[in-house]
Amino acid sequence: SNSRYREAVSVATEIGDRADELKALSNIGNNLTTLGQFRKAQKALEGSLAIARAIGNQQGAVESLINLGSVSYSLGELGKSEQQLNGALASSRSLGLRADASFALYALGDLLLAEDKLKSAEDDYRESLEIGKQVDEKDTIAYCQSALAALALERGDLVNAETRARQVAR
């Protein structure tokens with residue numbers, strides 16, 4: 001499917017359709033991320049971010065920053081990931097993109113967890129969960145419930161862990 005997206009990028013570039021070029025590069029980056037090809041994904045997502053900014057697509061820029069933050073995290077570039085995710089969070093909040101803000105907070109929680117900052121991670125997961133519930137973002141709600149269940153289990157709070165795990169299963 002990446003060859004189809006690469007063809008779409010070529011066609012969009014050839015005809016000057018920057019919005020389609022943005023979509024195709026984002027799709028390539030996301031597919032490469034799924035395949036674990038993080039350096040290639042990073043390059044495609046950096047291209048999508050540059051295009052989003054060039055054409056004034058603020059939501060596309062936020063989504064590209066979130067995806068870049070996740071890729072940087074996977075590459076172990078935690079400082080870069082934090083910068084990208086905080087940028088996405090600030091932009092999504094200023095633009096009123098609540099679903100994107102919720103996911104950026106969830107991703108920041110994962111980053112903080114990797115840095116062993118459990119309380120801060122829990123705070124971000126809780127805030128992400130609340131926003132996710134307000135905008136009915138089911139995937140992010142499930143991710144946050146799972147992360148909070150794992151943190152509760154880590155603390156030995158079996159009741160809270162079980163309650164959250166059941167909420168994910170619904």
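Keep in mind that the numbers below use all heavy atoms, side chains included, and drop hydrogens, waters and symmetry copies.
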From [X] atom [atom1] to [Y] atom [atom2], the distance as rounded to the nearest 0.5 Å:
X      : Y      : atom1 : atom2 : answer
Leu32  : Lys40  : CG    : NZ    : 7.0 Å
Leu111 : Leu85  : CG    : CG    : 6.5 Å
Leu45  : Ile28  : CG    : CD1   : 10.0 Å
Ser70  : Asp110 : OG    : CG    : 8.0 Å
Phe38  : Ser74  : CZ    : OG    : 4.0 Å
Gln42  : Thr33  : CD    : OG1   : 9.5 Å

Does the [X] side chain pair with the main chain of [Y], one donor and one acceptor, at a distance under 3.5 Å?
X      : Y      : result
Ser120 : Lys117 : no
Tyr73  : Glu82  : no
Asn30  : Ser26  : yes
Ser91  : Ala88  : no
Ser128 : Leu105 : no

Tell me, do [X] and [Y] make a side-chain contact under 4.5 Å, heavy atoms counted?
X      : Y      : answer
Gln58  : Val62  : no
Val71  : Gln37  : no
Arg155 : Glu122 : yes

Cluster link [X] to [Y], ILVMFWY, side chain under 4.5 Å:
X      : Y      : value
Tyr106 : Leu68  : no
Leu113 : Ile141 : yes
Leu65  : Ile55  : no
Val135 : Leu95  : no
Ile66  : Leu97  : yes

Quiz prompt | Derivation of the salt bridge (Lys or Arg N to Asp or Glu O under 4.0 Å) call for Asp124 and Arg126 | solution = CA-CA 5 Å; Asp124 280 359; Arg126 286 183 188 281; over 6 Å; no
Exercise. Please indicate whether Glu46 has more than 12 foreign heavy atoms, meaning atoms of other residues, nucleotides or ligands, lying under 6.0 Å from its CD.
Key: yes
Quiz item: For atom CD of Glu154, is the number of surrounding heavy atoms from other residues, nucleotides or ligands below 6.0 Å larger than 12?
Solution: no
Would [X] and [Y] pass as an ion pair if we require N to O under 4.0 Å?
X      : Y     : result
Asp100 : Arg98 : no
Arg39  : Glu77 : yes
Glu21  : Arg18 : yes

Self-check item: No-hydrogen, no-angle side-chain donor-acceptor test under 3.5 Å, Ser102 and Thr140
Solution: no
Quiz item: Any luck finding a side-chain donor-acceptor pair between Glu130 and Gln134 under 3.5 Å?
Solution: no
Which atoms form the tightest heavy-atom contact between [X] and [Y], and what is the distance?
X     : Y     : value
Leu22 : Ser48 : CD1-O, 3.0 Å
Ala52 : Gly60 : CB-C, 3.7 Å
Leu49 : Ser64 : N-OG, 3.7 Å

Quiz item: Yes or no on side-chain hydrogen bond (donor to acceptor under 3.5 Å, both in side chains) for Asp139 and Tyr143, after CA distance, side-chain angles and deciding distance?
Solution: CA-CA 6 Å; Asp139 287 342; Tyr143 299 151; 4.5 Å; no
